[in-house]
Amino acid sequence: EAQVTQNPRYLITVTGKKLTVTCSQNMNHEYMSWYRQDPGLGLRQIYYSMNVEVTDKGDVPEGYKVSRKEKRNFPLILESPSPNQTSLYFCASSLGDRGYNEQFFGPGTRLTVL
Amino acid sequence: LAKTTQPISMDSYEGQEVNITCSHNNIATNDYITWYQQFPSQGPRFIIQGYKTKVTNEVASLFIPADRKSSTLSLPRVSLSDTAVYYCLLPEGFQKLVFGTGTRLLVSP
């Protein structure tokens, strides 16, 4: 089944404790991205990647890192999480960039930073 | 910087047609406009995509006027299961993507 998977689905952590949210897709998609969703602010792009070893900042990259060492995986790293990073996070993938292709979203990761 | 604006919410009844508009003040000539549907605690799901004029698929139509400063998602004969949040999505710059502010649609019996 074609899908985007994220882990964990739920995470409660404390300020400053490094964490990684994994994202994997099995559709051989070139483009992957991370979004955060907050009440009243909608979905905002954090980082995106056009291909292996090619990543760039979205609208809200501060406090986040990503890597794209393999085409199928695009982990989101929070080196020192803070409470303002409490949010619902979505990973997505698509064949190409610039919105030409349908984006497939993962199920979401609900992160709480205390 | 692309800025997309949508109505915050809309109410409808089963069987009615619903039109949701997204205003975008800065869209490049070749950019596609895409619409997504989102249910609570789920990732957005693709509905329809278009470049100009009108596009129709089995669930919706998308109307894009000649000036391309807006687009309208049309849902024919909505049902209770269409209650969701609807987002337009546009490219920005080279590879960024920007979601609209989202429209919460409530369909009542």
Side-chain angles (χ1 to χ4, degrees), chain A residues 2-6 9-10 21 23 25 27 29-51 54-61 66 68 74 87-111, chain B residues 1-9 20 22-24 26-52 55 57-60 62 64 68 71 84-104:
Chain A
Q3 61 182 350
V4 177
T5 56
Q6 295 178 228
R9 294 289 313 280
Y10 302 91
V21 184
C23 172
Q25 50 93 5
M27 295 168 279
H29 283 170
E30 303 278 344
Y31 189 89
M32 296 186 74
S33 58
W34 277 100
Y35 298 87
R36 62 177 290 174
Q37 185 168 35
D38 303 289
L41 296 176
L43 288 142
R44 294 178 292 170
Q45 194 176 41
I46 304 171
Y47 267 95
Y48 58 91
S49 169
M50 188 54 219
N51 211 328
V54 180
T55 64
D56 209 345
K57 297 175 182 178
D59 282 335
V60 288
V66 292
R68 189 92 181 272
F74 190 45
S87 186
L88 178 59
Y89 292 86
F90 289 102
C91 179
S93 73
S94 63
L95 269 175
D97 63 346
R98 293 200 60 73
Y100 293 155
N101 303 108
E102 175 183 353
Q103 287 201 88
F104 292 82
F105 284 80
T109 295
R110 189 168 293 280
L111 172 65
Chain B
L1 181 68
K3 178 174 171 59
T4 59
T5 305
Q6 302 177 229
I8 293 175
S9 64
I20 305 174
C22 172
S23 298
H24 25 83
N26 185 18
I27 180 171
T29 306
N30 297 322
D31 283 346
Y32 276 74
I33 300 160
T34 313
W35 283 82
Y36 287 81
Q37 175 192 56
Q38 187 181 29
F39 297 112
S41 299
Q42 293 185 23
R45 188 173 66 176
F46 175 91
I47 302 173
I48 195 167
Q49 181 179 74
Y51 165 61
K52 61 180 178 181
V55 177
N57 62 20
E58 62 276 10
V59 299
L62 178 59
I64 303 169
R68 290 173 31 91
S71 62
V85 181
Y86 293 82
Y87 292 95
C88 58
L89 174 69
L90 283 92
E92 177 186 297
F94 187 46
Q95 294 172 348
K96 245 195 244 188
L97 293 172
V98 178
F99 275 94
T101 50
T103 299
R104 188 174 300 275

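Just the heavy atoms: all of them, side chains too, but no hydrogens, waters or symmetry mates, feed the values below. Computed from a predicted model, the values in this text were never measured in an experiment. Residue numbering restarts at 1 for every chain, and letters A, B, ... go by the order of the sequence lines.
Distance check, rounded to the nearest 0.5 Å: CZ of B:Phe46 to CD of A:Gln103 gives 10.5 Å. Atom CD1 of B:Ile47 and atom CD of A:Glu102 lie 11.0 Å apart (nearest 0.5 Å).
A:Tyr35 touches chain B through its side chain: at least one heavy atom from C-beta onward sits under 4.5 Å away, while N, CA, C and O do not. Only the side chain of A:Arg110 comes within less than 4.5 Å of a heavy atom of chain B; its backbone N, CA, C and O stay farther away. Residue A:Gln6: no heavy atom, backbone or side chain, is found under 4.5 Å from chain B. For chain A, no part of B:Tyr51 is nearby; none of its heavy atoms comes within less than 4.5 Å.
Interface summary for chain B: among A:Ala92, A:Pro107, A:Gly58, the most heavy-atom pairs under 4.5 angstrom belong to A:Gly58. Residue with the most contacts toward chain A among B:Gly43, B:Pro44, B:Gly100: B:Pro44 (heavy-atom pairs, distance under 4.5 Å).
Around the CZ atom of A:Arg9, the shell of radius 6.0 Å holds more than 12 heavy atoms that belong to other residues, nucleotides or ligands. Heavy-atom contacts from other residues, nucleotides or ligands closer than 6.0 Å to CZ of B:Arg68 number more than 12.
Within the 4.5 Å cutoff, side-chain heavy atoms of A:Leu43 are placed close to those of B:Tyr87. Side-chain contact between A:Phe90 and B:Gln38 is present, with heavy atoms from C-beta onward closer than 4.5 Å.
Taking both residues in full, the closest heavy atoms of B:Lys96 and A:Tyr48 are given as CG-CE2, 3.6 Å, listed atom of the first, atom of the second, then distance.
Side-chain contact check for B:Glu92 and A:Gln45: no donor-acceptor pair (N or O, by modelled atom type) lies under 3.5 Å.
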